[in-house]
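This report concerns only the one structure given below.
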Protein chains: 2
Amino acid sequence: MTDRPHKPTMRDVSRLAGVSRMTVSRVLADPSLVAQETRDRVLKAVAQLRYVPDRVAGSLSSRRSGFVALVLPTLMNTNFADTAQAINEALREADYQLLIGFTLYRSSEEVDCIRSLLTRRPEAIIITGGVHSREANALLLESGVPVVEMWDLPERPIDYAVGFSNFEVGRAAARHLAGLGHRRIGAIGPAAGGEARDFRGEDRLEGFAAGLRECGLPDGLIIRNPDIPLSFTEGAQSISRLLDLAPDVEAVFAISDLQGVGALLECQRRGIRVPEDLSIMGFGDFEIGRQCVPSLTTIQTDSRAIGRQVAEIILNALAGQDGRETPRPDALRDIGFTVVSRGSTRTRTP
Amino acid sequence: MTDRPHKPTMRDVSRLAGVSRMTVSRVLADPSLVAQETRDRVLKAVAQLRYVPDRVAGSLSSRRSGFVALVLPTLMNTNFADTAQAINEALREADYQLLIGFTLYRSSEEVDCIRSLLTRRPEAIIITGGVHSREANALLLESGVPVVEMWDLPERPIDYAVGFSNFEVGRAAARHLAGLGHRRIGAIGPAAGGEARDFRGEDRLEGFAAGLRECGLPDGLIIRNPDIPLSFTEGAQSISRLLDLAPDVEAVFAISDLQGVGALLECQRRGIRVPEDLSIMGFGDFEIGRQCVPSLTTIQTDSRAIGRQVAEIILNALAGQDGRETPRPDALRDIGFTVVSRGSTRTRTP
DNA sequence: ACTTGCGATGTGACCGGTAACATGGCATCA
DNA sequence: TGATGCCATGTTACCGGTCACATCGCAAGT
């Protein structure tokens, strides 16, 4: 907190090195533009003054902030944390700084968050999900920068989307459990009414219900919990409610591994054997799901790959605008998903 | 990505409202300074043009960026994610934007990260841990803004620190396990040699070893794993190594619940009963530790409270500088820790 | 009636960089 | 030898706000 009289500016460096400010700027931005000898003198001055360039000023002047905005529901979900890290790693190489905002699954927060991030003039915006309020949509559209939606596959993305169909994930889960011979099949997931909404979880749940119906099975055993965000604890509660409702349930789909593992642990506490008495399947392929006993059958999507692809799209789009035309990459990237069968599910034995 | 001719600026708003730019600025910054009628006219113009103020320009001019820099090792550890969210929530109320950088537990990354964040002229810096390279320290000291170190309690903090003694945590763990009557006691934690280092984990491990010695017990059963960051999987590996080394070990301290839960699950796989055959104790009070079966004995510290206190210190320090003198809050805040005894440990039965 | 003071608004400089263009020196080439 | 062109560097304006100060009108005080 040592307060120096004032932080050295580029002018101070230029004076010390006996050159113009512009030369200092060049040395820092692209050293090859400056003669070796001058460059060394400037760098010596930079080191001597411990000069740290001011990107605030630089951004204003160059009209390139070097920011990329990232809108996430929360960090409590490891998948989002993974994606965020992967994006960060890829963008930092190109010297972009991530600006993260959180919505807590609330529409009102989402709008505030976007508006606030836009004041920082990000060069691109990454947002979780493909469903936004009218106001949020308007802000994104008018932002003037590329928008990437992720973890979902909207029919008509704003600009780009990287994700998969949550509805199809649910459908695949239903078919998988039905395919194992189960008939009394339930699910646990988010309720649709509250202020906080997990639209992607809701989609998986709807896809699951649709899948059950396609298999000629009833879709009445679905527990919808309004406590968003989801957690292990919430999974334990939901499975409890389901077991109270239908003690003879044979298989359960949890729309997140967080809930799935929570459910599994609750079963252990209740002495319900998994998978002998109950098959449990989750979504997200969390590390804890791979490690737990029995390991959790899940639907896997690659969180880090989503992040990498998002970053790639952005770097492409931003490179495209400085001159050389880059072919516009696919607006919609479906990264797909895979059912990973593990110990927590098994074929029904009559 | 709609490219309008150019984004409206304050000048456009001022013209439309028939006032000067300064009046627009006032309406946005402190509406009470402007007459009702004028204010309404300006706000109408703002809405009509969908004007979004440019904080890049504002920051440069006012010399207040509205940024707070946060340096974290990773988001993979829920504790840090919790703290980050808590900080964010508190700072957003005061309209500060968090700038997050990740070190991945590497000293070299830490320096780069700090340097890069400093170019954005943050008004405060929050950094994880109390041990930094000489270069990082110099940068922080010269930054000219308040620095808050967290999750540790350095003897001589740069400016402020919010945390607890990791060494004492380890010592308390040793005493707790020894107090249960165990004699063959081991631990799993990070190795000290590699490029990536978890200094706080190392401190807990050292404290643990010291605690064992104080109790007159040998400290030879400590597994140090260089795979940082820690994870469930790594915990499973480490406990395996420990069990191979000393099959008769009675109790284990894992320096993180991540490892502790991983160890617990590995024991389940191997048919080792916890706590009957082996007591396991972790650190961090992760949700999964509370939920798993048996639930994990741990040492609890409040991640969100750390975040809240960090934010409080910063808001205080930053308020202090605009005129009214605020008493400098305690430079060092020890938020302490608590041993939480749960199902994974029990008294030794001879 | 004249001064005083305050509320509401405007003026101009400035924050610290960078884009765009200008300049000067020197080697190359017809 | 003069034109040409490139390399290295300098000059100037400007990015979009806000600060400090100036101005103006009007009500209150003496």
Side-chain angles (χ1 to χ4, degrees), chain A residues 4-43 45-46 49 51-67 95 118-121 123 144 321-323, chain B residues 4-43 45-46 49 51-67 95 118-121 123 144 321-323:
Chain A
R4 305 271 231 87
H6 90 140
K7 285 196 82 86
T9 74
M10 199 170 257
R11 164 161 272 129
D12 299 319
V13 176
S14 73
R15 275 203 272 256
L16 183 58
V19 296
S20 70
R21 286 187 299 160
M22 202 53 221
T23 300
V24 178
S25 177
R26 288 191 183 102
V27 169
L28 267 28
D30 181 357
S32 75
L33 293 172
V34 178
Q36 173 81 56
E37 192 209 355
T38 320
R39 196 192 310 163
D40 293 344
R41 217 160 5 116
V42 169
L43 289 176
V46 165
L49 295 176
Y51 169 67
V52 178
D54 184 337
R55 288 266 253 151
V56 174
S59 301
L60 177 61
S61 172
S62 66
R63 306 162 136 294
R64 310 217 318 90
S65 66
F67 287 129
D95 207 29
L118 283 177
T119 66
R120 304 298 189 166
R121 294 296 184 263
E123 296 181 44
Q321 66 185 23
D322 343 320
Chain B
R4 305 272 230 86
H6 91 141
K7 287 196 80 87
T9 72
M10 201 169 256
R11 163 160 273 127
D12 299 318
V13 175
S14 73
R15 275 203 272 258
L16 183 57
V19 296
S20 71
R21 286 188 298 159
M22 201 52 221
T23 300
V24 177
S25 176
R26 287 189 185 106
V27 169
L28 268 29
D30 182 358
S32 75
L33 293 172
V34 177
Q36 173 81 56
E37 192 209 354
T38 319
R39 198 193 306 162
D40 292 344
R41 217 157 8 115
V42 169
L43 289 175
V46 165
L49 295 175
Y51 169 69
V52 178
D54 184 337
R55 287 266 252 153
V56 174
S59 299
L60 177 58
S61 173
S62 66
R63 304 159 141 293
R64 313 218 316 92
S65 66
F67 287 130
D95 207 28
L118 283 177
T119 67
R120 304 299 189 164
R121 295 294 186 265
E123 297 181 44
Q321 67 185 25
D322 338 323

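Chain naming here is simple, since letters A, B, ... match the order of the sequence lines and numbering starts at 1 in each.
- Remark: P of C/dT9 and CZ of B/Arg21 are 17 Å apart, rounded to the nearest angstrom.
- Between the CZ atom of B/Arg39 and the P atom of C/dG7 there is a distance of 14 Å, given to the nearest Å.
- In this structure, A/Arg120 atom CZ and D/dG16 atom P are separated by 17 Å, rounded to whole Å.
- Between the side chain of B/Arg39 and the backbone N or O of B/Pro31, at least one donor-acceptor pair lies under 3.5 Å.
- Minimum atom distance to the side chain of B/Arg121 is reached by C/dG17, of the listed D/dG16, C/dG17, C/dA8.
- Under a 3.5 Å cut-off, the side chain of A/Arg121 and the backbone N or O of A/Leu118 do form a donor-acceptor pair.
- Side-chain proximity of A/Ser25 to the nucleotides D/dG17, C/dT18, C/dG17 is greatest for C/dT18.
- A straight line from CZ of A/Arg26 to C1' of C/dG17 spans 13 Å, rounded to a whole angstrom.
- The one candidate from B/Leu33, B/Leu28, B/Val13, B/Val34 that meets the side chain to side chain contact (heavy atoms under 4.5 Å, CB included) condition with B/Thr23 is B/Val34.
- Atom OH of A/Tyr51 and atom C1' of C/dG16 are 7 Å apart (whole Å).
- Annotation: cation-pi pair B/Arg55/B/Phe67 absent, no NZ/CZ under 6.0 Å from the ring centroid and within 45° of its normal.
- Within 3.5 Å, a donor on the side chain of B/Ser61 pairs with an acceptor on the base of D/dG17, or the reverse.
- Nucleic acid contact class of B/Val56 (heavy atoms, under 4.0 Å, all strands): none.
- Rounded to an integer number of Å, the gap from B/Arg64 CZ to C/dG16 P is 16 Å.
- Nearer to the 5' terminus of DNA chain C, by closest-nucleotide assignment, is the contact made by B/Ser20 (compared with the other of A/Leu60 and B/Ser20).
- Formation of a donor-acceptor pair under 3.5 Å by the A/Asp12 side chain with backbone atoms of A/Thr9 is found in this model.
- A residue-by-residue look at B/Ser62 and B/Gly18 shows that B/Gly18 has its nearest nucleotide of DNA chain C further toward the 5' end.
- Atom CE of A/Met22 and atom C1' of D/dA13 are 13 Å apart (whole Å).
- When the side-chain nitrogen and oxygen atoms of A/Thr23 are compared with OP1 and OP2 of D/dT9, none of them lie within a distance under 4.0 Å.
- Within the 4.0 Å cut-off from OP1 or OP2 of C/dG16, not a single side-chain nitrogen or oxygen of A/Thr9 is found.
- Contact of B/Arg63 with D/dG17 (side chain to base): no donor-acceptor pair of N or O atoms is detected under 3.5 Å.
- The distance from atom CD of B/Glu37 to atom P of D/dG25 is 17 Å, rounded to the nearest whole Å.
- Across all strands shown, B/Thr38 has heavy atoms under 4.0 Å from sugar-phosphate atoms exclusively, and none from any base.
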